[in-house]
There are 2 protein chains.
Amino acid sequence: MSGEAEDRPDLAAMLMRLGRHMVAVEQPILAAHDISMWGYAVLTVLRDEPMRTQTALARSIGADKTRLIPVLDELQKRGLIEREPDPADRRVRLLGLTPAGRALHQAAQTEIREAEAVLLDQLPAGDRRTFLRALEKLGTESA
Amino acid sequence: MSGEAEDRPDLAAMLMRLGRHMVAVEQPILAAHDISMWGYAVLTVLRDEPMRTQTALARSIGADKTRLIPVLDELQKRGLIEREPDPADRRVRLLGLTPAGRALHQAAQTEIREAEAVLLDQLPAGDRRTFLRALEKLGTESA
DNA sequence: TATTGTTATACTCTATAACTATA
DNA sequence: TATAGTTATAGAGTATAACAATA
């Protein structure tokens, strides 16, 4: 309980406003690599760890499993992901990045980080670190 | 340019994830007051300053002017906003809160701040202040 | 019977364009 | 002719439910 008066917009409003702005900033970069926002999100998750089911993948990026299917179809067709039935349980699809998928993700992320820096450089280095750490912590522990 | 390796999710992903979560947290509160997210956004803007046109109001909350109209119809019908033609230029609608609108906004916002505190209390007080200030600054200066 | 993945459908949200009225 | 507001329509994005394959 801080005794200070908090004269600021609501948290959801600030997050969604800045979030929409950053999505708009990312859009041209992703388009240059011919990949959608959901496609990029899939590559990001699979880079950190392969997944055993599409349902788990969908949950981890906050998407419905049904709307991931066209995305996975496209990524597979372009040779960016592997997606093969598990011999031990042929209902599930083992998911992972191909080298091409890894390379594309790396290239796109590098450009995205440069675009983010333009925004984040408005903050002093210490505030920037605190901001990013807080944002990551709140997102992972609650959402 | 910080020389540190930045092993974190992309900024847009973190913002949208936490933003969606906070919207979900707000939803039951707004529903209890029988008001939509856009309706609440309108009340918030008008509390800070009356507006001279609906187009300006739409722009200030990042919405299309056409999708604001049913929202304004509803708010007006419930006596939460005033919306009268400007005698000096009868094309424009002068917009402002009624006392009832101001009271409803205040009540809802109080509950929303309490819900936000549950999340924000995970941060040390200093980090919390830095986080909120940074978020507000980045949102207003760029988006 | 339960679970994974898929397809088809319906629904919500949003943007586009056309219209009215004022200036 | 230009602008504010409104209406109608179409499009994108998303979720719901039914289905097929496997356990």
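Chain A is the first sequence line, chain B the second, and so forth, proteins listed ahead of strands; every chain is numbered from 1.
The 12-atom threshold is exceeded at CD of B:Gln27, counting heavy atoms of other residues, nucleotides or ligands nearer than 6.0 Å.
Here A:Asp64 lies in heavy-atom contact (under 4.0 Å) with a base.
To the nearest 0.5 Å, the span separating CD1 on B:Ile61 from OG1 on B:Thr44 amounts to 9.0 Å.
Taking atom CG of residue A:Asp86 and atom P of nucleotide C:dT3, one finds them 17 Å apart after rounding to whole Å. Taking atom CG on A:Asp89 and atom P on D:dA21, their separation rounds to 16 Å, with Å as the unit. In this entry the distance linking CG of B:Leu57 with C1' of D:dA4 reads 13 Å, nearest Å. Across the protein-nucleic acid pair, A:Asp73 atom CG and C:dT6 atom P stand 7 Å apart, rounded to whole Å. Atom pair B:Lys65:NZ and C:dA15:P shows a separation of 13 Å (rounding to whole Å applied). D:dA20 atom P lies 16 Å from atom CZ of A:Arg93, rounded to whole Å. Rounded to an integer number of Å, the gap from CD of A:Gln54 to C1' of C:dT7 is 13 Å. Remark: P of D:dT7 and CG of B:Leu72 are 12 Å apart, rounded to the nearest angstrom.
The side chain of B:Arg91 has D:dT3 as its nearest neighbour among D:dA23, D:dG5, D:dT3. Closest to the side chain of B:Thr66, out of C:dA23, C:dT4, C:dA17, is C:dA17.
The shortest distance between side-chain heavy atoms of B:Leu11 and A:Leu132 falls below 4.5 Å.
Within the 4.0 Å cut-off from OP1 or OP2 of C:dC13, not a single side-chain nitrogen or oxygen of B:Trp38 is found. Contact between the side-chain N/O atoms of B:Arg83 and the OP1/OP2 oxygens of D:dA4 is not found at any separation under 4.0 Å.
The side chain to side chain donor-acceptor pair (under 3.5 Å) test with A:Gln54 is passed by exactly one of A:Arg59, A:Arg83, A:Lys65: A:Arg83.
For D:dT22, its base never sits under 3.5 Å from the side chain of A:Arg90 at any donor and acceptor pair.
With DNA chain D read from its 5' end, the first of the two nearest nucleotides for B:Thr55 and A:Arg67 is the one closest to B:Thr55.
Linking ILVMFWY side-chain heavy atoms closer than 4.5 Å, directly or via other members, places A:Val42 and A:Leu80 in a single hydrophobic cluster.
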